[in-house]
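Since this is a predicted model, take the numbers as computed values, not measurements. Each chain gets a letter, A, B and so on, in the order the sequences are listed, and its residues count up from 1. The analysis underlying the following values was restricted to heavy atoms, covering all of them including side chains, and did not include hydrogens, waters or symmetry mates.
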Protein chains: 2
Amino acid sequence: MKVLDELSKTHLALSQSELESTFRKVDRITLYRALRDFEEAGIVHKIVDMNGTTRFAICSDDCPDATHNEEHVHFNCQRCHKMFCLQHTHIPDIQLPPGFTHSGINVLVQGVCNKCS
Amino acid sequence: MKVLDELSKTHLALSQSELESTFRKVDRITLYRALRDFEEAGIVHKIVDMNGTTRFAICSDDCPDATHNEEHVHFNCQRCHKMFCLQHTHIPDIQLPPGFTHSGINVLVQGVCNKCS
DNA sequence: TATACAAACGCAACAGTGTTGCATTTATTT
DNA sequence: AAATAAATGCAACACTGTTGCGTTTGTATA
Ligand SMILES: [Mn+2]
Ligand SMILES: [Mn+2]
Ligand SMILES: [Zn+2]
Ligand SMILES: [Zn+2]
C-alpha cells in the first residue's frame, strides 16, 4: 500500500493531510480507515504534535503489535515543523509520586532539527 | 474569573467542555477566548491528552509568563481519564542526536492514578 | 448624571478532523 | 461465471478551532 511506502520512505511522522497530498486522488475516509487499521495492527503509530495535529509514523521492527510500547522520543522542529521519530533516543525512567503506576509514556521535544540549525 | 477558580480548585487539567459544564450558562466562544488569553498571559497552560483532547491547567507561580517552561510531567489515568499536573515530578534531561537543539519538552505518562489503583 | 469609549459577550459562519452508515466498485473464491 | 468478501467513495453528523460583527455591560470623563 502506498501509505506504508510513503511512511517508510521518510522516517518522519506525517499528518493525514500530508499523506493525502502525496496521492493523485484518494478519499480522506479511505485514508482515515487505512491509518486506523494500520495502527490497530501495530504497523504504524500515532502521535499528536505540538500543535495538536495527529501524525502517523511507521513502527520499528521491534514494536509490540497492539500496545505500541516502542518508547522513543519524538521531536518537533519549530522551523520546518517536521516531526521526527528519534528511534534511538531512549526515554529515561521517571519517578512517579506514590500510588501512580506507569503503563506508557510519550515524550515530545521541541527545538530545531539538524537540517534547520 | 470563574474559569481560574475552577482550575485553581483542582490541580487537574480540564478540557474546555468540562469547564463549560461547571457553568450555568456560558458561550463556548467566550470560554475559548478566555482560555486563549489566559494562556497567552501565562496564567494557564495547555496540554493535549492521550486522546487528543486539549486540556487546560493553572500555571504554578514560578512559571515564566509567555514561554511556559515549567517542565513538569503530566499524567493521564486510563481509569478515570483525569489528567494530573505532577508539579513536583521533574523531567530528566534527554540526550538528543547531534544537530538537534532543545527548547521545550512535553512528557505525558499514562497509567493508573493514586485514587484508581 | 449623562455621554463617550472600551471591554466582554453571544451568535453566525466556516474550516478541519474524527467517525459511522450505506451503496458501489473491485478483488477473491468457489 | 456466480457468489462472496474486501476496499472504496460519498453523505452526514458531531465537535473543535477560529474569525467577524453586532450587542451588552462596564468605566471614565465632561
Ligand atoms: Mn515514533
Ligand atoms: Mn501542567
Ligand atoms: Zn527542521
Ligand atoms: Zn484515575
Length of the line joining [X]:[atom1] and [N]:[atom2], which is rounded to integer Å:
X: A:Asp27; N: C:dT19; atom1: CG; atom2: C1'; answer: 13 Å
X: B:Leu31; N: C:dA8; atom1: CG; atom2: P; answer: 15 Å
X: A:Leu14; N: C:dT17; atom1: CG; atom2: C1'; answer: 17 Å
X: A:Glu39; N: C:dG18; atom1: CD; atom2: C1'; answer: 13 Å
X: B:Asp37; N: C:dC9; atom1: CG; atom2: C1'; answer: 13 Å

Checklist entry - With a 3.5 Å cut-off and just heavy-atom distances, do the side chain of A:Arg28 and the base of C:dG18 make a donor-acceptor pair? => result yes
Next on the checklist: Under a 3.5 Å threshold, yes or no: a donor from one side chain and an acceptor from the other, between A:His88 and A:His90?
Outcome noted: no
Item to check | Within residues 16-25 of chain A or reaching into it, pairs that qualify as salt bridge (Lys or Arg N to Asp or Glu O under 4.0 Å) - sequence neighbours excluded | outcome: A:Glu18-A:Arg55
Next on the checklist: According to salt bridge (Lys or Arg N to Asp or Glu O under 4.0 Å), does anything in residues 3-17 of chain A pair up with another residue at least two apart or in another chain? List the pairs.
Outcome noted: A:Lys2-A:Glu6, A:Glu6-A:Lys9
Checklist outcome for this item: Footprint ends on DNA chain D, 5' to 3', for atoms under 4.0 angstrom from a heavy atom of chain A, come out as D:dT8 to D:dA12
Checklist entry - Which residues within residues 3-10 of chain B lie with some heavy atom under 4.0 Å of an atom in DNA chain C? => result none
Checklist outcome for this item: Sequence neighbours excluded, the answer for ring-ring contact (aromatic ring centres under 6.0 Å, His included) partners of B:Phe56 is none
Pairing residues for [X] by the side chain to side chain contact (heavy atoms under 4.5 Å, CB included) criterion, not counting sequence neighbours:
X: A:Val48; answer: A:Thr54, B:Val48
X: B:Thr89; answer: A:Ile94, A:Pro97, B:Val73, B:Leu86
X: A:Asp27; answer: A:Ile29, A:Thr30

Distance-only donor-acceptor hits, side chain of residues 110-117 of chain A, under 3.5 Å, sequence neighbours excluded:
from: A:Gln110; atom 1: OE1; to: B:Asn106; atom 2: ND2; distance (Å): 3.4
from: A:Ser117; atom 1: OG; to: A:Cys113; atom 2: O; distance (Å): 3.4
from: A:Ser117; atom 1: OG; to: B:Gly99; atom 2: O; distance (Å): 3.1

Give me, pair by pair, the N or O atoms of the protein and of nucleotides 20-22 of chain C that are less than 3.5 Å apart, along with how far apart they are.
from: C:dG21; atom 1: O6; to: A:Arg33; atom 2: NH1; distance (Å): 3.3

Checklist entry - Would you say the side chain of A:Ile43 lies within less than 4.5 Å of the side chain of A:Cys59, judging by non-hydrogen atoms? => result no
Checklist entry - Can a side chain N or O of B:Lys25 be found less than 4.0 Å away from OP1 or OP2 on C:dG10? => result yes
Next on the checklist: So, using side chain to side chain donor-acceptor pair (under 3.5 Å) as the criterion, who are the partners of B:Ser21 when residues are at least two apart?
Outcome noted: none
Checklist entry - Which other residues belong to the hydrophobic cluster containing A:Leu108, where Ile, Leu, Val, Met, Phe, Trp and Tyr are joined when side-chain heavy atoms lie under 4.5 Å apart, directly or via other members? => result A:Ile47, A:Met50, A:Met83
Item to check | Residue closer to the 5' end of DNA chain D, A:Thr30 versus B:Gln16 (nearest nucleotide) | outcome: A:Thr30
